[in-house]
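Below: the structure, in structure tokens.
We're numbering straight along the sequence, starting at 1.
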Amino acid sequence: MEAQTGIEWGDMVIVSSVVIGAATFLLRKYLFGSKAAQEMTIAQRAAFVEAQKIGAEKPKQHDPERDIVEKMRKASKNVVILYGSQTGTAEDFATRLAKDIQSQAVRPLVLDPELYDWQYLTRLRSDELVIFVLATAGEGEPTDNMEAWYKALVSDSESPDDSDVPEFCQSEDNPPLDEDMPLQGISYAMFGLGNNTYEQFNHHARVVDRRLLALGADRIGERGEGDDDIDIEEDFARWKDATLPLIRQHLGMSTPPESGDESAPEPSWKVVEMDADQAWAKGELFSGAVTTYDSRHPFAAPVTAAAELTPAADRHLLHVEVDLAGSGMRHESGDHIGVYPTNADEEVDLLLAALGLLDKADAPIAVQATDPYAPQQQLFPVEATTYRAAFRHYLEITAPVPRAQIKSLVLPFARSEAASAFLRPLAEDKDVHAAIVAAGCMSLARLINAVREAEQKAGAFADGEEPFVLPVHAAIELCPRLQARLYSISSSGKVHPERPTITAVVLQYDAKTDQAVQAKMGARRCGVATNYLLGVLRYLRGDRIIDLEASDAKVNRLRAGHLLSQSEKPQTAADASSVSATRDAKDYVLQSLTLQPSPASGSDKRALTMPVFIRKSTFRLPVDNATPIIMVGPGTGLAPMRAFVQERAQAARVNPGQPMGTTLLFFGARTESCDYMYREELENLFEDIQQAAAESQIITAFSRDQPQKIYVQHRLKENAELIYRTLLCGQEKLNGASRAHIYVCGDAKNMAKDVSRALAALIAEREDVSEDIASKWVSDMRKLSRYQEDVWS
């Protein structure tokens, strides 16, 4: 009996030790501190209670820096707006929304979810609110900064509604969380940003919305869905008009502010003009040392090559290559490269002149938050810059001014009847705004000039009325941050591991406008990034450069760099609205760009770097080279396909005895003689591939080489037998999703949909099934990542 008791006691000691050890490991983040834990997940709290029973120490308090509710309450706010943003639009909408709902009862705080932990969402009280403004990235994917939150809410990406219940934190101040619906009592609102040309339209917002509801949260109003293909600004405005009254009611504000109130809003930013000797940045995108380069910390990559791919064409099609050596960044075929451009000097000077800042354009300034609790205390990544550098490097200054912002940030500063009469229809009538501002691509500078022109025509100053003046702080709020532009990399990471290339068409067009045509650019509008790349090409090939380095140290500090220009001298105030810009033989405006040479360039005035980063993609070749692939890439949609072809050709050369699947490339352009980019290279690469896969080939469609237009989708139909044989992968029948892989890159609105329909039609005909069944098989290929798209609208 004594022996048995001894064994039982020994078992108890062993079990107790195991429990204490397990609890200590699970709670190692919390156990070694002097303060008790207030926030733990349900599972951690249960383990902690068991550990307490056998003498474990209490865990320490959570990290308040990762707690959105802690951050909100510390700032005396009652609404937190979380944005999921890939290109900056959702972030801009979130910031504007905060300004629109700001009142005595509604005190919003805008936060980046990447910097905070999702577990603390359950700490919100019933008199507090979270608003999600979520863009959809890629093919229905969450944005990078929402990835952790999305994965927590959606553990089953294939069937989101079957996802597990996340382990939220249990606050000692709140009742115990329901195991199945832990978000009971939490209120939220939701607006999604998407484009209906994509199959997974607004997928990110829709899935997060469903998961929040399933977990017990209460949505205020309807989920808003913005469509960038039609009019995302109007979608946002409609959602705000319907939802903001409900938000105010939820937070105890019985009556909304008077809609007719046109008083100037409280500024979110203040501009502090600094001492003339203050050191400032000339466009640096981050401060301090960096060990890992990413979208927040881009790498200054030397430009190693730039060329015109189709010199005989009537438009500029560019090939640009950069060197990533020393960055630690690597790219795979299918990835994207992000490029931070700069605004053209003509646009910068036009805005400086409109704001009356030309005389002090190079004075050092700091732009600081007016709210001491704002999460971002300075607008730019550097402490000090100048007006010129801010508009050149950091702010988006060429986009049309949204209707809602004309109403909230421009109209309140109208001092004359003529200014109000001109601005009010633009602010209140969406059709007038569409016809004048949107169609005319009326940037902030052009809008200011148009208001003044209206005042002059009306003789507004005869009665002593003051002219229209827009404060600098309002202009800064009206211009969102200048975002990086993403390009599909057109070279293989295996063949050229440190030399990604960009293939891009330069965008220029004439806007439909009669307003502000006196500007140097006239009605011509230029894409910011592609014209920056055109400037890089012109710079490297030896176009006119004005060396802005001067013997005067102060002037040198303010204007250091090289001005790429067709002018004989740097811009002056008169240039902002006088002599027309120079045009080249293709009728492209040649903009002036101030570029910073590479620090290591030495005496080489032509050395140049571009700020870049690599964004990973799911657009991938199959792991097994024996898998057949069908690529459809008209125009610059050829970019990732070129990378795939380079990779397969190398595999065929290096491993000639290894099996390789048929490789088909459908390429389309306007004319064969002028627009067939990379022709010689592609033909040579396919010769290598054909040694391993004889049916591999390029099939082209040149739309303007015959009276009737022929596009890639027509070539799919003409080559239906070859495509079907490729899809079979050696089988007699498909009877479902093909094992081959299909890749489509280019226009989402028409081409991608036409290609999908053409493939479904040819499958239906040869399998003797309905097009609905064939379409389902194509859809199944998408789910299996065998049908991938890299498309844009």
R642 NZ/CZ over Y678 ring centroid, <6.0 Å and within 45° of normal | yes
Going from OG1 on T530 to CZ on R315, what distance comes out if it is rounded to the nearest 0.5 angstrom?
-> 11.5 Å
Do the side chains of H297 and T292 get nearer than 4.5 Å, heavy atoms only?
-> no
Min side-chain heavy-atom separation Y293-V612 under 4.5 Å | no
Would you tell me whether H316 and E308 have side-chain atoms, one donor and one acceptor, within less than 3.5 Å of each other?
-> yes
Between F667 and A669, what is the shortest heavy-atom contact and its length?
-> CZ-CB, 3.9 Å
At their closest point, which heavy atom of L213 faces which heavy atom of A217, and how far apart are they?
-> CD2-O, 3.7 Å
For Q697 and I699, the nearest pair of non-hydrogen atoms, with its separation, is OE1-CG1, 3.8 Å
The salt bridge (Lys or Arg N to Asp or Glu O under 4.0 Å) partner of D144 among R615, K616, R296 is R615
Applying side-chain hydrogen bond (donor to acceptor under 3.5 Å, both in side chains), name anything that partners E695, two or more places apart in sequence or on another chain.
-> R725
Is atom NZ of K733 surrounded by more than 12 heavy atoms (other residues, nucleotides or ligands) closer than 6.0 Å?
-> yes
Side chain of Q713, backbone of D754: donor and acceptor closer than 3.5 Å?
-> no
Spacing of CD belonging to E332 relative to CD1 belonging to I489, to within rounding of 0.5 Å | 10.0 Å
How close do T662 and R648 get, heavy atom to heavy atom, and via which atoms?
-> O-NH1, 4.1 Å
Nearest heavy-atom pair of D112 and Y83: which atoms, and what distance?
-> CB-OH, 3.4 Å
Any side-chain heavy atom of L665 sitting closer than 4.5 Å to one from F644?
-> no
Should we say atom CD of E681 is surrounded by more than 12 heavy atoms from elsewhere, each under 6.0 Å from it?
-> yes
Beyond-backbone contact of W777 with L727, side-chain heavy atoms, under 4.5 angstrom | no
Side chain to side chain contact (heavy atoms under 4.5 Å, CB included) between E179 and V165: does it pass, once the steps are laid out?
-> CA-CA 8 Å; E179 290 187 4; V165 176; over 6 Å; no
Answer yes or no: is there a donor N or O on one side and an acceptor on the other, between the side chain of E683 and the main chain of E680, under 3.5 Å?
-> no
Measure from the side-chain N and O atoms of H204 to the backbone N and O of A135, and report whether any donor-acceptor pair falls under 3.5 Å.
-> yes
Are any side-chain N or O atoms of N202 and backbone N or O atoms of A205, one a donor and one an acceptor, separated by less than 3.5 Å?
-> no
Flag the pair C674 / T310 as yes when at least one side-chain heavy-atom distance between them is below 4.5 Å, and no otherwise.
-> no
Could you check if a side-chain atom of Y743 sits within less than 4.5 angstrom of a side-chain atom of M641, using non-hydrogen atoms only?
-> yes
Can you tell me how far OG of S333 sits from NE2 of H496, rounded to the nearest 0.5 angstrom?
-> 9.5 Å
Output yes when a side-chain donor or acceptor of S163 lies under 3.5 Å from a complementary backbone atom of S155, and no otherwise.
-> yes
Check the pair T143, L134 against side chain to side chain contact (heavy atoms under 4.5 Å, CB included), reporting the backbone distance first and the verdict last.
-> CA-CA 8 Å; T143 56; L134 304 180; 5.9 Å; no
Donor-acceptor contact below 3.5 Å, side chain T197 vs main chain A748 = no
Show the numbers, then the answer: is there a salt bridge (charged side-chain N to carboxylate O under 4.0 Å, His left out) between R739 and D624?
-> CA-CA 11 Å; R739 294 202 303 269; D624 186 359; over 6 Å; no
Donor-acceptor under 3.5 Å (D688 side chain, A652 main chain) | no
Does the side chain of S488 pick up a donor-acceptor pair with the side chain of D790 at under 3.5 Å?
-> yes
Would you call R757 and E771 a salt bridge, taking side-chain N to carboxylate O under 4.0 Å as the test?
-> no
Looking at side-chain heavy atoms only, is the closest gap between V645 and F686 below 4.5 Å?
-> yes
Report the distance from atom OH of Y724 to atom CG of L722, rounding to the nearest 0.5 Å.
-> 13.5 Å
Nearest-0.5 Å distance that lies between atom CD in E687 and atom CG in L682 | 11.5 Å
Atom pair OG/CD1 of S295 and I614 - distance to nearest 0.5 Å | 12.0 Å
Sidechain-backbone polar pair: S775 side chain, A760 backbone, donor-acceptor under 3.5 Å | no
Would you confirm whether E767, through its side chain, and L734, through its main-chain N or O, come within 3.5 Å as a donor-acceptor pair?
-> yes
Go through the structure and list residues passing ring-ring contact (aromatic ring centres under 6.0 Å, His included) with H203, not counting sequence neighbours.
-> none
Within 6.0 angstrom of E732 CD, more than 12 heavy atoms from elsewhere = no
Is a side-chain N or O of T122 found less than 3.5 angstrom from the main chain of F168, in a donor-acceptor match?
-> no
Note, S756 side chain near R782 side chain (heavy atom, < 4.5 Å) = yes
Is it the case that more than 12 heavy atoms not belonging to D768 sit under 6.0 Å from its CG atom?
-> no
Test salt bridge (charged side-chain N to carboxylate O under 4.0 Å, His left out) applied to E225 and R223, step by step = CA-CA 7 Å; E225 292 193 345; R223 178 185 67 244; 3.1 Å; yes
T503 and T636: side-chain donor and acceptor closer than 3.5 Å?
-> no
Just wondering, are more than 12 heavy atoms of other shown residues or ligands nearer than 6.0 Å to NZ in K753?
-> yes
In this structure, are over 12 heavy atoms from other groups packed under 6.0 Å from Q706 atom CD?
-> yes
Any idea which heavy atoms bring P142 and A137 closest together, and the distance?
-> O-CB, 3.9 Å
Electrostatic pair R620-D335, nearest N-O below 4.0 angstrom = yes
Side-chain donor-acceptor contacts of residues 181-194 below 3.5 Å, not counting sequence neighbours, with atom names and distances?
residue, atom, partner, partner atom, Å
Y188, OH, D209, O, 3.3
Y188, OH, D209, OD1, 2.5

Can S770 and D772 be counted as having a side-chain donor-acceptor contact under 3.5 angstrom?
-> no
